[in-house]
2 protein chains.
Amino acid sequence: MFQVPTKTQYAIRALVHLALKESDSAAKIAEAQMISPKYLEGILNQLKLAGIVTSDRGRSGGYRLAKSSEQIRMIDVVQATEGAIRPVDCVDNRSVCVMGATCIPRKFWIGLKTAVDDYLSSVTLKDLAGDTFVQIGKE
Amino acid sequence: MFQVPTKTQYAIRALVHLALKESDSAAKIAEAQMISPKYLEGILNQLKLAGIVTSDRGRSGGYRLAKSSEQIRMIDVVQATEGAIRPVDCVDNRSVCVMGATCIPRKFWIGLKTAVDDYLSSVTLKDLAGDTFVQIGKE
DNA sequence: CGATATTCCTATTATTCCGATAGGAATTGG
DNA sequence: CCAATTCCTATCGGAATAATAGGAATATCG
C-alpha cells in the first residue's frame, strides 16, 4: 500500500542531485541516478512547470533548482508529479461518494490525508540533501 | 497519490457494517454497502485469515467481528488487505535499493511510512462506527 | 555559419496492477 | 434432500504506470 510511483522517486533523486551539483543536464542526472534518460526528461519538465527547477536550452544547457533547497517542500514535489493527495475521491468532494451521507469512513480518510500532508510539508529538499539527513540516514 | 484501493475501502465499509449489525452474510453486506458481491467475498476471506472476522458456513451462516471493535485497529485492516505500508521497496530492505549506500531519500520514506503507520494505528473500528466519529463526521 | 548538445513536444508501446466476474466445490441448518 | 452460505481458483478487462521513440526547437561554441 502507498507504493510511491517511480516517477516521484525519480523526481526526488534528481532534485537531491541538483541540490548537490548546482546544475546538470537530464542525461547526466539520469546516468548518475540510474534512471531512464528519456523518462527523466519528462519528469524534469513537470518539475519545471511547477516552478521547482529552471532550465536552459541549447548546448551547455541543463537544469537547476529554481529556489533554495530549504524552500522546496516535499509536498510540492509530490504534487508536481502526481497531483494532490487524495486517499479516496470523496475527500475533496463529498458528492462523489456512492454512500452519500451514510459514508462513515470519510472523516477517517481526511485524517489520513492530513497526516500525510503534514509530514510531506514538514520536510524540505535541504533536509534530504543536507548533512543532517545524511547523518541520520546512516546505519 | 496515495489513492487507497477500493479493496481497502470496501473492507472498512464492511467492518463498519458488521460493527453495527452484529452478523450478516456477504451478499447482504454487499447490497447494503453497494459493493460487488463476489468481490466482497474474497475481501471478507482475507479479513478472516487475518483474524479480524470469523465466519460460519452453511445456511444461516455469515460473518461477524472476531474481536470487539475497539480492538480492531485500522492498520490491521489495511495490512490484511494490502500488506505492509511500504512507500518504496528499500524501506524494508536496504539491499534492494538500486542506489545502494548512496540512497539519500531512504530516511525520508521511512519517515513517511512512520507517519502513516502511526495514524492508522491510532484509529480503531470503534472510532469509525461509534457515536463519536459519526458526530465528528457530520458537517 | 555549421555542428553539436541540449530542452521540449507528442505519440506509441509494454507492463503491471486492480477491480471485477465466473463457476463451482464444500459445508451446514432446516 | 434442499437451499443458503462460505470457500477456492481461474480468468478477463481496463486503467494507470513506466518506458521508448522520433524529432522539432533552441542555444552555444568553434
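Chain naming here is simple, since letters A, B, ... match the order of the sequence lines and numbering starts at 1 in each. Source: prediction; values computed, not measured.
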Measure the CD1-CG distance between B/Ile85 and B/Leu120 for me, rounded to the nearest 0.5 Å.
5.5 Å
Indicate the atoms forming the closest heavy-atom contact of B/Gln33 with B/His17, along with that distance.
NE2-ND1, 3.5 Å
B/Lys48 atom NZ is separated from C/dA26 atom C1', nearest whole Å, by 12 Å
Begin with the C-alpha distance, continue with both residues' side-chain angles, and end with the deciding distance and a verdict on side-chain hydrogen bond (donor to acceptor under 3.5 Å, both in side chains) for A/Lys7 and A/Gln46.
CA-CA 10 Å; A/Lys7 177 185 281 193; A/Gln46 281 186 274; 3.1 Å; yes
To the nearest 0.5 angstrom, please state how far the OG atom of A/Ser25 sits from the CG atom of A/Leu40.
9.5 Å
Take B/Tyr119 and A/Tyr119, measure what ring pair (Phe, Tyr, Trp, His ring centres under 6.0 Å) needs, and give me the verdict at the end.
CA-CA 11 Å; B/Tyr119 175 72; A/Tyr119 175 72; over 10 Å; no
How long is the line joining CG of B/Leu47 and P of D/dC7, in whole Å?
11 Å
Which is it for B/Gln9 and B/Thr6 under the side-chain hydrogen bond (donor to acceptor under 3.5 Å, both in side chains) test, yes or no, and what are the steps along the way?
CA-CA 5 Å; B/Gln9 299 181 41; B/Thr6 61; over 6 Å; no
Separation between OG (B/Ser121) and CG (B/Asp76), nearest 0.5 Å, reads 7.5 Å
Whole-Å gap separating P (D/dT5) and CD (B/Glu31):
11 Å
Whole Å only: how far is the NZ atom of B/Lys28 from the C1' atom of D/dT5?
10 Å
Working to the nearest 0.5 Å, report the span between CG of A/Leu47 and OG1 of A/Thr81.
7.0 Å
Across the strands shown, which category fits B/Ala27 at heavy-atom distances under 4.0 angstrom: base, sugar-phosphate, nothing?
nothing
Under the 3.5 angstrom rule, does the side chain of B/Asp127 hit a backbone N or O of B/Thr124 as a donor-acceptor pair?
yes
Give, ordered by number, those residues of residues 55-64 of chain A having at least one heavy-atom distance below 4.0 Å to an atom of DNA chain C; if nothing qualifies, reply none.
A/Ser55, A/Asp56, A/Arg57, A/Gly58, A/Arg59, A/Gly62, A/Tyr63
Whole angstroms only, please: what is the CD-P distance between A/Gln46 and C/dC8?
13 Å
Base, backbone or nothing for each nucleotide of nucleotides 15-21 of chain D, written B, S, -, heavy atoms under 4.0 angstrom, 5' to 3'?
---BBB-
Nucleotide C/dC18, atom P - distance to CD1 of B/Ile43 in whole Å:
12 Å
Quick one: A/Asp24 CG to C/dA5 C1', roughly how many Å, whole number?
13 Å
Would you kindly give the CD-to-C1' distance between B/Gln3 and C/dC17, to the nearest whole Å?
13 Å
